[in-house]
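Read through the structure below, which is laid out as structure tokens, and then see the notes.
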Amino acid sequence: MIARVIVDVPSRQTDRPFDYEVPGELAGWIEPGSRVGVPFGGRVVQGFVIAIADNADVDRSKLKPIAELLDHLPPLSPDLIELGHWISEKYCCPLTVALQAMIPSALKGKAESFVAIAQDQASDALFEPDWMMFIRQQGGEVKLASLQAKYPDAARDVKAAITLGDLTERAAIRDRLSVRKVLTVFPPADRESAELALTAIPARAAKQREVLRFMIGQEDPIQLQVLLETLSTTSSTVRALEEKGLLVIREVELDRDPYAGRAFRRTEPLPLMEGQQQVYDQIADALDAGESQVFLLHGVTGSGKTEVYLQAIEHCLNLGRQAIVLVPEISLTPQMVERFKGRFGHEVAVLHSRLSGGERYDEWRKIREKRAKVAVGARSAIFAPFERLGLIIIDEEHESSYKQEESPKYHARDVAVRRAKQHGAAVVLGSATPSLESYTAAAMTPASGNPGRGAALLPMPERVGGKPMPPVTIVDMREELRGGNRAMFSRPLYEGLKKRLERGEQSVLLLNRRGYSTFVMCRACGYTAQCPHCDIALTYHQKSRVLRCHYCGHAEGSPSACPSCESEHIRFFGTGTQRVEEELAKLFPGIRVIRMDVDTTTEKGSHEKWLTMFGERKADVLLGTQMVAKGLDFPYVTLVGVIAADTSLHLPDFRAAEKTFQLLTQVAGRAGRHQLPGEVIIQTYNPEHYAITTAQHHDYDAFVKEELGHRRQMAYPPYCRLILITLSHEQLPQVINAGDKLAALLRHSADEAGMHGAGLHGGNRFIEVLGPVASSIPRIKDRYRFQCMVKYRGNVDAVGIVREAVAAVARPQDKAGVQISVDVDPQVIL
DNA sequence: CTGGGGACGATC
DNA sequence: ATCGTCCCCAGC
């Protein structure tokens, strides 16, 4: 029996299966998906079995046996392995990287070396060195690492002993975490004889009597720790009873439950409004049919999408299938979790990055061991190891956080569609502002003349309770300036805030820029403070009084005089959240402000803490970056102010307008969701920009129409697909050289591919290579950055072309080599 | 003639 | 990625 193993060595050259012999004793245990330790190039590494075969591809003499099996249940299933292949192809990464992304990091084992005294070595206490005696004391075998730590000078001798055969070396894979085990006390099995024994306990051991009496009355096993606290005694007392054979103490597996001690109030399905019911019926039909189908649920904020999700999941579970709910990391608040736990109780597993490694592992095991049927989580929860998926819901599907920034650079939405196909599951993409990719996919419905393809559009244009969308006022900041107001708050926004304070209502202020100021400039000579490691201006942080780089974290003291001309006319320009906070305090003495940005929410749970405080009306204003725009729902918020809508509009990103529109629409939906009517004020220097005017009228369709026009004109997605290749190196000439080489190779292959297709340009099939050009931030962390862009459409294997070109350029890949990263733009492929 | 150091290639 | 091998040149 032969196992094909993908070894955990993430490089281009080892990105293929290696064959291993399955030892007889493991034959029944090893299957595709098993995690194993295998000897590889003179050491032991972790690997995944991806297939079982009868015959090896290589000469039998080269085969080595699998060294160890790491889990009793394989952490991957065949469908996840297949999905891994797809990811590694589509996103251009080694298969092991794709597979590793699917399991909790607790299962990322590292090889550990052990040394043992060889069997035939007799003890020779007189002449033995200390370290050898130490090994004997430890039972003949120790971790190499602990030997190194204790006897740093013995390295030479130990190495020699291994070479001579006096010591043997053994490697094993060790997981970062294991199942949590808790000492647990079991009540006596035979209560009658225990009663008898009770009387036999002498009076001086009164504590033992008390413990035993307690345990006789106890139905269930109890944690030792809890027992000791309840009866305020010590473990020796309990141990004594154990030794008498009256009690049993055993280690019991226990989940680390991040929501332990929280009771979730059970909720029942709410009656659906007509709009909700129609949407639900369509999803339920698809679930009944059991065929993969993608839905785009376009529901305005407050239209009751979550209740539709909950009932669709319930229907899915009733059909004996499982469901995954993806939510942006930032929206995965306890309130959000509560909605799902409240409806489905213990059958919900929660997966997100704020959990500790152990908690995450235990939630994952709940799914693996079929104790959970619903997974709620961020991006990576798309890999939840369910066997019969029926439904995948992606809430706020337009969110860019569904794209992973590190390798594997997958987009959870695209992976979801693929995974649903494997399982015959339904996908529901929910958003008030669908991404253009999803919208275009939905525009290809049978009705629009593309039968058999496309996502079904499910509109939910009504808000629950019929609340109107809040009125949105656009304030032209150029007018304000002309009117003599140079402050960061326009008069309408100032008046609005003042009114809210007087009425005891709350406001939310959005400014998509943290820190105090955007840049520091000398008015005399024009000097600006730049990061020494990146080509980017430093941001001043008021509290710590330092200039900080938001890309590499570099910090330096802020100058009081210009470092270049020594003038004192050095000033802070641009506005960050810290400065707004300061200004609010000046304008409204006594105002209570909660500031929420990366700087104030690094601590675990701080994000929720601030929101809870705000919900309890312990602050008047919630001020923050885009994290205040997402999913918050506070009844006393009646004013939402956007301090500078232009911040995201001018980013060097063809999605800048789309992101701005989404952000403004999202944040506008935060006001007046309850009894009190709301109001939104947007400050901007571009009041006529369509992203802003369409957001003002809550007019998604108008925005999409306009934006699609621009995208078509510029040949950007969804009218084509993109691959961005970024090259970086410490030396500028090296990057330029590699960039030129790469572009030449790409152009050559693109031409060749074009030859075989009809109508290269303007038709439905083309491939175009742009660059190399310097990236928008030409240097980060002391590395110069250049990029090439591949634009393509139709049936061309652009990723394949890129993969080959990258492999050719990255050939001499020693330490001095140019780093190349490949980014495939998201695309809903149906 | 030996021994360090960097390029090259294999790893089942 | 990491390790062993080969080959070259410097030093003895």
Side-chain angles (χ1 to χ4, degrees), chain A residues 1-27 29-70 76 81 84-85 88 92-101 105 107-113 115 144-145 148 155-156 158-160 162-163 169-174 176 406-408 728-731 734 737-738 741 803-804 806-822:
Chain A
M1 198 167 134
I2 299 300
R4 296 208 202 291
V5 175
I6 296 294
V7 292
D8 186 22
V9 179
S11 86
R12 210 162 283 116
Q13 293 143 80
T14 50
D15 188 22
R16 61 186 178 84
F18 288 85
D19 289 349
Y20 286 88
E21 192 191 312
V22 179
E25 71 271 19
L26 290 180
W29 295 91
I30 303 253
E31 51 188 309
S34 293
R35 197 168 58 108
V36 291
V38 289
F40 187 72
R43 61 218 162 105
V44 172
V45 297
Q46 182 182 295
F48 290 103
V49 174
I50 57 157
I52 298 291
D54 292 329
N55 293 301
D57 285 342
V58 291
D59 196 64
R60 211 150 184 119
S61 63
K62 284 174 97 179
L63 282 186
K64 287 180 186 172
I66 287 175
E68 56 177 334
L69 175 66
L70 298 173
L76 295 173
I81 295 172
H85 276 113
S88 98
C92 221
C93 71
L95 180 53
T96 182
V97 173
L99 296 178
Q100 211 76 58
S105 53
L107 295 184
K108 194 177 167 65
K110 261 195 88 75
E112 215 173 39
S113 205
V115 285
L144 184 58
Q148 278 165 353
R156 240 191 128 88
V158 173
K159 271 186 209 154
I162 292 170
T163 333
E169 200 179 5
R170 183 177 69 90
I173 304 286
R174 214 185 115 85
R176 296 216 188 131
E406 309 84 49
S407 185
S728 73
H729 193 273
E730 287 178 16
Q731 309 285 322
Q734 305 253 41
N737 185 21
K741 242 190 214 163
R803 189 186 302 112
E804 286 190 6
V806 167
V809 172
R811 179 79 63 203
Q813 59 149 25
D814 47 336
K815 206 165 54 187
V818 175
Q819 261 184 38
I820 303 182
S821 102
V822 177

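A note on names: the letters A, B, ... follow the listed sequences, proteins ahead of strands, and every chain is numbered from 1.
Rounded to an integer number of Å, the gap from CD1 of A:Ile52 to P of B:dC12 is 18 Å. Atom CZ in A:Arg16 sits roughly 7 Å away from atom P in B:dT11 (whole-Å rounding). The CD-C1' distance, from A:Gln13 to C:dT2, rounds to 11 Å in whole Å. When the P atom of B:dC12 is taken as reference, atom CG of A:Asp19 falls 11 Å away, rounded to whole Å. Taking atom CZ of A:Phe48 as the reference point, atom C1' of B:dC12 lies 18 Å away to the nearest angstrom. Distance A:Met1 CE to B:dC12 P: 19 Å, rounded to the nearest Å. Nucleotide B:dT11 holds its C1' atom 16 Å from the CZ atom of A:Arg4, rounded to whole Å. At whole-Å resolution of the value, CG in A:Asp8 and P in B:dC12 are 15 Å apart.
Side chain of A:Lys62, nearest nucleotide from C:dA1, B:dC12, B:dT11: B:dT11.
Using a 4.0 Å heavy-atom criterion, one finds that A:Phe40 contacts the bases of the nucleic acid, with or without backbone contacts as well. Residue contacts for A:Arg60: at a heavy-atom cut-off of 4.0 Å it reaches no nucleic acid atom on any strand shown. If you check every strand for non-hydrogen atoms under 4.0 Å, A:Pro17 touches nothing.
Side chains of A:Pro39 and A:Tyr20 form a contact here, defined as non-hydrogen atoms less than 4.5 Å apart. Side-chain contact between A:Leu95 and A:His85 is present, with heavy atoms from C-beta onward closer than 4.5 Å. No side-chain heavy atom of A:Val5 sits under 4.5 Å from any side-chain heavy atom of A:Ile50. The shortest side-chain heavy-atom distance between A:Ile30 and A:Val36 falls under the 4.5 Å cut-off. Between A:Val49 and A:Ile52 there is a side-chain heavy-atom pair separated by less than 4.5 Å. Side chains of A:Val22 and A:Pro65 form no contact here, defined as non-hydrogen atoms less than 4.5 Å apart.
Within a 6.0 Å sphere centred on CZ of A:Arg174, other residues, nucleotides and ligands contribute 12 heavy atoms or fewer.
A:Glu68 contributes a side-chain N or O that, together with a main-chain N or O of A:Ile173, makes up a donor-acceptor pair within less than 3.5 Å.
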Below 3.5 Å is the cut-off: list the nitrogen or oxygen pairs between protein and nucleotides 4-6 of chain B, distance only.
none

Can you give me the N/O atom pairs linking the protein to nucleotides 3-7 of chain C at distances under 3.5 Å, or say none if there are none?
none

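Using a 4.0 Å cut-off between charged side-chain N and carboxylate O, A:Arg4 and A:Asp57 make a salt bridge.
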